[in-house]
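So that the names make sense, note that chain A is the first sequence line, chain B the second, and so on, each numbered from 1. Keep in mind it's a predicted model, so treat the numbers as computed, not measured.
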There are 2 protein chains.
Amino acid sequence: MTAPSDARARGTRLPRVRRRRQLLAAAQEVFVARGYHAAAMDEIADRAGVSKPVLYQHFPGKLELYLALLEEHSEVLVEKQREALESTHDNRQRVTASFQAYFDFVAGDGEAFRLVFESDLRNLPAVREKSEHTFQRCAELIGEVIRQDTSISDEEAHLLSIALVGMAETSARYWLNNHGSVPKDAAEQLVARLAWRGISGWDLTRSDEDD
Amino acid sequence: MTAPSDARARGTRLPRVRRRRQLLAAAQEVFVARGYHAAAMDEIADRAGVSKPVLYQHFPGKLELYLALLEEHSEVLVEKQREALESTHDNRQRVTASFQAYFDFVAGDGEAFRLVFESDLRNLPAVREKSEHTFQRCAELIGEVIRQDTSISDEEAHLLSIALVGMAETSARYWLNNHGSVPKDAAEQLVARLAWRGISGWDLTRSDEDD
DNA sequence: CGCTCATCTTACTCCCGCGTAAGTTGAGTG
DNA sequence: CACTCAACTTACGCGGGAGTAAGATGAGCG
């Protein structure tokens with residue numbers, strides 16, 4: 001928990017790019033563990049085994065440092081999602097792959113997903129927009145698939161996509177926080193089946209009460 | 001946006017309980033608009049047409065003030081959810097009612113839902129626990145219904161409930177932020193149908209690939 | 001009318017954490 | 001071996017906001 005990841009021999013000088021990468025890693029640890037507000041620039045510097053002004057030689061301020069990380073991991077999520085949906089043409093498989101991608105994202109990279117899904121800086125427009133935009137792009141990718149196979153309107157398809165993405169995000173986060181109650185792939189399969197049952201053959205049961 | 005809700009004639013004295021209610025209302029406005037961190041006790045006091053020490057005569061500190069509001073609205077959500085699920089014995093209706101309850105919650109009471117769903121203080125254990133507990137209670141209510149009608153295991157039922165609650169929360173929030181693209185009851189119906197298609201007759205398609 | 005006590009105000013203190021000015025160290029180069 | 005320039009340090013300024021004395025004010029009551 002307080003493992004200094006990588007503060008090798010406080011006192012070693014590093015070429016600029018290496019140092020920058022290391023600072024980003026240290027910042028990620030601290031922002032993830034504490035959130036934006038409780039994270040102190042001093043602690044980030046400490047964790048990198050370096051003094052504060054060094055941090056300011058690489059980033060103009062706390063906010064920019066945070067945004068750099070947010071940007072990076074947002075991209076990762078969208079990319080994972082795109083890959084998942086392009087990995088097959090079978091829609092049933094697509095659903096599974098898509099959920100898997102969400103679970104992978106949540107499970108990976110030092111819980112960086114907390115920056116994207118649980119930021120405590122969403123009141124700042126820049127952050128809110130970034131988070132929502134990421135969310136929208138994921139939904140849009142799924143929406144395209146849905147529209148291909150149904151006669152549903154664009155707006156409705158988008159809302160369904162939003163609901164599905166919300167489902168994925170929520171269940172993945174829950175699964176992570178309760179490791180052990182259900183193994184990863186079982187959770188993925190279960191939720192994917194729920195989603196697939198929900199959307200497959202949608203057109204066959206239009207506005208009449210189904211069941 | 002800067003409507004002082006209720007700063008009637010700065011200078012009127014109020015009996016203790018009335019003042020307390022008014023302070024809570026003012027605090028809610030500010031916390032909702034700015035989030036916990038950006039909210040200033042001065043602004044809350046101002047908005048209530050009162051000076052800061054008055055605030056401290058009613059609440060020991062900023063945190064307790066916030067927690068009081070969080071507690072209150074968490075209860076409201078769980079209660080709405082319980083009512084929805086008790087309002088009928090038809091499970092199809094239950095799903096609709098449950099989603100309606102979520103949308104109502106999000107649409108109501110000065111966007112107080114932001115305290116419960118979008119708190120920027122979730123890094124504080126007290127707040128995290130309260131939010132998650134609320135979430136769990138909603139899921140538990142739904143989980144009971146699911147368990148009644150399926151042979152699914154408890155853990156799996158719970159995970160499904162989590163997914164459904166996540167879907168409700170996400171789509172309700174999205175709908176609110178994009179007022180106008182879809183009318184409220186259309187959105188509710190759409191998402192409810194997605195959920196119902198997902199869970200109804202679950203047992204009929206067990207671990208074999210459906211469709 | 002003057003006493004009392006809750007309500008409310010002005011005007012601070014104090015801490016915390018971002019960002020910076022100014023100075024130090026040491027690796028590579030001619 | 002002196003010179004240079006980037007990498008790094010210590011030590012501080014400073015603003016913003018939570019929380020707090022200490023005093024004013026006014027409604028109700030005897």
Side-chain angles (χ1 to χ4, degrees), chain A residues 4 6-27 29-31 33-70 120-121 123-124 126-127, chain B residues 4 6-27 29-31 33-70 120-121 123-124 126-127:
Chain A
D6 180 45
R8 2 139 147 264
R10 166 133 205 161
T12 18
R13 294 186 172 196
L14 250 52
R16 194 165 169 79
V17 278
R18 273 185 83 75
R19 182 64 84 193
R20 185 190 156 94
R21 267 201 295 275
Q22 188 216 9
L23 288 173
L24 279 168
E29 285 179 32
V30 177
F31 281 135
R34 302 232 187 287
Y36 179 83
H37 291 101
M41 292 298 266
D42 292 273
E43 183 177 357
I44 294 173
D46 276 3
R47 171 136 342 186
V50 119
S51 74
K52 210 171 20 163
V54 171
L55 212 42
Y56 285 90
Q57 282 166 1
H58 288 265
F59 305 93
K62 187 183 182 181
L63 180 60
E64 289 79 5
L65 178 52
Y66 188 81
L67 288 176
L69 288 166
L70 186 60
D120 60 341
L121 201 61
N123 288 291
L124 199 78
V127 171
Chain B
D6 178 45
R8 1 141 144 264
R10 165 131 208 165
T12 18
R13 294 188 171 198
L14 252 52
R16 194 163 168 77
V17 279
R18 274 186 80 77
R19 182 62 84 194
R20 184 190 156 93
R21 267 200 294 276
Q22 187 216 11
L23 288 172
L24 279 168
E29 286 180 31
V30 178
F31 281 135
R34 303 231 187 289
Y36 179 84
H37 296 285
M41 291 298 266
D42 291 274
E43 183 177 357
I44 295 172
D46 276 3
R47 171 133 346 183
V50 117
S51 74
K52 210 170 21 162
V54 171
L55 213 41
Y56 284 90
Q57 283 166 1
H58 288 265
F59 305 92
K62 187 182 182 182
L63 180 60
E64 289 79 5
L65 177 53
Y66 188 80
L67 288 176
L69 288 166
L70 186 60
D120 60 340
L121 202 60
N123 288 292
L124 200 77
V127 171

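The CZ atom of A:Arg20 sits 9.0 Å away from atom CG of A:Leu65, with the distance rounded to the nearest 0.5 Å.
When the nucleotides D:dA21, D:dG26, C:dG19 are ranked by their closest atom to the side chain of B:Pro53, D:dA21 comes out on top. Of all nucleotides listed (D:dT9, D:dA7, C:dG19), C:dG19 comes nearest to the side chain of A:Tyr56. Comparing D:dC8, C:dT9, D:dG26 by their closest approach to the side chain of B:Arg13 singles out D:dG26. In the set C:dG26, C:dT9, D:dA18, the nucleotide with an atom closest to the side chain of B:Asp42 is D:dA18. Listed nucleotides C:dT7, C:dG19, D:dT9 differ in distance to A:Ser51; the shortest reach to its side chain belongs to D:dT9.
For A:Glu64 (side chain) and A:Gly61 (main-chain N/O), a donor-acceptor pair under 3.5 Å exists by modelled atom type.
The interatomic distance linking B:Arg18 (CZ) with C:dT7 (C1') rounds to 15 Å, in whole Å. Separating the CG atom of A:Leu14 from the P atom of D:dT9 is a distance of 11 Å, rounded to the nearest angstrom. The CG-P distance, from A:Leu55 to D:dT9, rounds to 11 Å in whole Å. Following rounding to the nearest Å, A:Leu65 (CG) and C:dC18 (C1') show an atom-to-atom distance of 13 Å. Between the C1' atom of C:dC8 and the CD atom of B:Gln22 lies a distance of 13 Å, rounded to the nearest Å. Separating the CG atom of A:Asp46 from the C1' atom of C:dG17 is a distance of 13 Å, rounded to the nearest angstrom. In this structure, A:Phe59 places its CZ atom 14 Å from P of D:dA7, rounding to the nearest Å. Taking atom CZ on A:Arg34 and atom C1' on C:dC16, their separation rounds to 15 Å, with Å as the unit.
Taking both residues in full, the closest heavy atoms of B:Asn123 and A:Gly35 are given as ND2-CA, 3.5 Å, listed atom of the first, atom of the second, then distance.
Residue B:Ala38 is out of contact with every strand shown, counting any heavy-atom pair closer than 4.0 Å.
Comparing B:Lys52 and B:Arg16 against DNA chain C, the residue whose closest nucleotide sits nearer the 5' end is B:Arg16. Residues B:Gly61 and A:Gln57 each lie close to DNA chain D; by heavy-atom proximity, the contact nearer the 5' end of the strand is made by A:Gln57.
B:Leu67 pairs in a side chain to side chain contact (heavy atoms under 4.5 Å, CB included) with only one of the listed residues (B:Leu124, B:Leu121, B:Val127), which is B:Val127.
In terms of polar N and O atoms assigned as donor or acceptor, the side chain of B:Lys62 never comes within less than 3.5 Å of the base of D:dG17 in a complementary pairing.
For D:dC8, one of the phosphate oxygens OP1 or OP2 lies less than 4.0 angstrom from a side-chain nitrogen or oxygen of A:Arg19.
Classified by interplanar angle (parallel below 30°, tilted 30° to 60°, perpendicular above 60°), the ring pair B:Tyr36/B:Phe31 is parallel.
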